[in-house]
Amino acid sequence: MNESPHSDAYRPEPEQELSDQERRRREELVLLRARGIDPYPAEAFEVSAHAAEILARYRDPETGDAEGQVPPEARWYVSVAGRIMSQRIMGKAMFFHIQDETGRIQIYARRDELGAEFYDEVLKKLFDIGDIVGVRGWVFRTRTGEISVHATEVKLLAKALRPLPLPKEKDGKIYHAFRDKEQRYRLRYVDLIVNPHVREVFRKRARMIRTIRDFLDARGYLEVETPVLQPIYGGATARPFVTYHNALDMPLYLRIADELYLKRLIVGGFEGVYEIAKDFRNEGMSRFHNPEFTMLELYVAYKDYYWMMGLVEEMLETVALSLHGSTRVPVGDRWIDFRRPWPRVEFFTALREATGRELYGLSREELARVARELGVQVEPSMGAGKILDELFSTFVEPACIQPTIVMDYPLELSPLAKRHRSKPGLVERFEVICNGKELCNAFSELNDPIDQRERFLEQARLRAQGDEEAMQIDEDFLRALEYGMPPTAGLGVGIDRLAMIMTNQESIRDVILFPHMKPESASPPASASGQQQDQEVPC
RNA sequence: GAACCCGUAGCUCAGCUGGUAGAGCAACGGCCUUUUAAGCCGUGGGUCGCAGGUUCGAAUCCUGCCGGGUUCACCA
């Protein structure tokens with residue numbers, strides 16, 4: 001790796017900046033080396049067992065008797081590695097816990113077995129909570145019943161120079177937990193070390209995605225990768241991040257959706273394609289929004305949105321069963337039940353039930369008047385679609401806690417969806433609303449190239465009127481449609497929001513390992529205001 | 001982008017109608033060979049987010065800035 005110039009913000013300051021605990025740990029490095037102990041040894045440490053495995057296997061009362069009752073030749077010797085998480089030193093013997101990926105196991109170490117000098121001068125004085133060690137020894141059960149490893153060797157594998165914000169625990173209750181959100185998100189590695197439930201959230205998230213992938217693969221759909229850098233962004237209404245390609249001397253956009261590329265693949269003859277990937281939207285941040293977020297998009301040829309409803313129901317029910325062993329998922333102080341089938345309600349019916357007003361067929365002016373009567377602010381720039389969208393998210397969405405399929409959206413809101421087969425002014429589109437938020441969005445895809453061009457032109461008109469989020473005309477996509485796309489059903493699922501529900505987390509930051517944060521220290525890189533940065537970046 | 005709340009030791013927090021900082025855990029020294037929020041005795045550690053202002057005196061009051069949280073707006 002190159003030597004790169006540190007910015008002032010990140011250059012570590014010498015001694016004075018360090019806390020007393022950090023200074024002491026750095027001094028210990030010197031003392032360790034003086035004794036011939038490398039605090040960062042190169043060689044591998046062979047691990048023969050993990051904490052959870054030891055606890056599980058030794059639970060057997062036949063082998064789980066107190067030390068001394070298992071003859072030496074019958075002992076189970078193990079080699080474990082992990083981070084020291086607690087220490088109790090009692091003169092000539094000590095206990096400590098180490099934590100590996102699976103959990104914690106207690107270690108018992110005695111001076112008369114490890115050597116007086118090593119025990120007194122190294123283990124007691126130079127090993128700290130947070131250090132990573134390897135331990136060899138045999139498994140036994142202590143007088144108080146805790147399954148532990150009786151150490152015959154303790155080896156330092158990596159010295160920790162910073163103290164851990166360690167919570168205390170008694171009778172299952174956690175004291176002084178590390179819970180400052182800013183610190184937890186910025187120092188996610190520390191969060192993961194000291195907060196086991198955080199590790200569990202991300203294991204569940206991984207299992208969720210694995211389940212979805214297996215579900216789609218089992219049906220023969222092809223997982224693909226499409227461009228993140230796009231010359232024209234499309235597939236959703238949102239403001240993009242702009243970047244710059246130096247060699248081509250042109251701006252590029254980070255994708256806001258995969259949709260238009262995946263449909264090109266359907267034109268190309270694949271009959272089912274999906275992508276689970278990051279999209280990027282240059283919008284505000286909140287506990288439901290991160291600038292980069294994960295989306296599943298799926299397109300299946302020769303299907304329509306009715307078929308897709310069934311698929312989504314089955315897929316999310318499968319996810320719930322996989323993670324919870326039940327279709328019922330705890331979210332906050334209630335349960336969400338993904339058991340099929342879910343209620344289905346038409347967009348305008350839902351609005352009518354929520355507001356007591358019939359809005360289907362009303363003109364823009366009539367909608368604006370009704371909206372104002374209902375206390376919803378209407379800007380002059382808002383079209384009919386925008387007003388309906390506003391009413392929907394005010395009156396319908398928050399009330400949908402259990403998974404609900406809302407179908408048949410107004411045409412103006414859906415420039416990529418096919419016109420409804422029988423209802424004028426509507427499109428064959430549905431959303432799954434769950435826990436008061438949109439979770440999925442799906443249509444019978446618009447495959448009429450002439451109609452698609454008209455929809456794009458309408459978007460262009462909105463854009464000309466100042467709607468920054470209106471879609472751009474993508475001539476290449478239109479060309480692809482002109483070659484002919486089979487009737488196709490498409491689906492988008494917000495993976496982060498699904499993860500929030502499935503892991504019972506209130507903020508999207510709790511299901512994204514490294515959520516976006518403002519820089520810690522004052523000055524962001526100069527010229528951050530411009531989006532046409534073309535400085536050479538050394539790499 | 002707006003409103004409200006928050007920022008004190010490594011962590012969790014107290015102190016805030018002004019008088020130059022405290023607790024528990026963590027750390028350091030000592031005792032302790034089955035402890036587990038180990039225990040007992042002793043010790044150190046903070047330019048109270050940053051910068052200004054008011055005042056004899058500011059962690060405390062005022063202003064601005066930085067960062068975070070929540071709600072709203074935009075959106076998924």
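Keep in mind that what you see is a predicted model, and the values were worked out from it rather than measured. In what follows, chains carry the letters A, B, and so on, assigned in the order in which the sequence lines appear, proteins first and then strands, with residues in each chain numbered from 1.
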Distance, rounded to the nearest Å, where [X] contributes [atom1] and [N] contributes [atom2]:
| X | N | atom1 | atom2 | value |
| --- | --- | --- | --- | --- |
| A:Asp131 | B:A26 | CG | P | 16 Å |
| A:Glu506 | B:U70 | CD | P | 9 Å |
| A:Tyr108 | B:C32 | OH | P | 15 Å |
| A:His150 | B:U35 | NE2 | P | 15 Å |

Has A:Arg188 got its NZ or CZ under 6.0 Å from the middle of the six-membered ring of A:Phe514, at an angle within 45 degrees of the ring axis? no

Just checking, is any N or O donor in the side chain of A:Gln106 or A:Arg88 under 3.5 Å from an acceptor N or O on the other one? yes

Any chance the side chains of A:Tyr185 and A:Asp191 put a donor and an acceptor closer than 3.5 Å? no

Describe, in one word, how the ring planes of A:Phe430 and A:Tyr305 are oriented to each other, choosing from parallel (under 30°), tilted (30 to 60°) and perpendicular (over 60°). tilted

For A:Arg25 and B:C28, is the shortest distance between a side-chain N/O and OP1 or OP2 below 4.0 Å? no

Out of B:A76, B:G69, B:A38, minimum distance to the side chain of A:Arg88 belongs to B:A38

When the P atoms of B:A23 and B:G18 are considered, how many whole Å apart are they? 24 Å

Face-to-face contact A:Phe293 to B:A76 six-ring, under 5.5 Å, under 30°: yes

Protein-to-nucleotide contact annotation, 5' to 3' order, nucleotides 2-10 of chain B [B base; S sugar-phosphate only; - none; under 4.0 Å, heavy atom]: --------B

Which part of the nucleic acid, if any, lies within contact of A:Arg186, taking any heavy atom under 4.0 Å across all strands shown: a base, the sugar-phosphate backbone alone, or nothing? sugar-phosphate

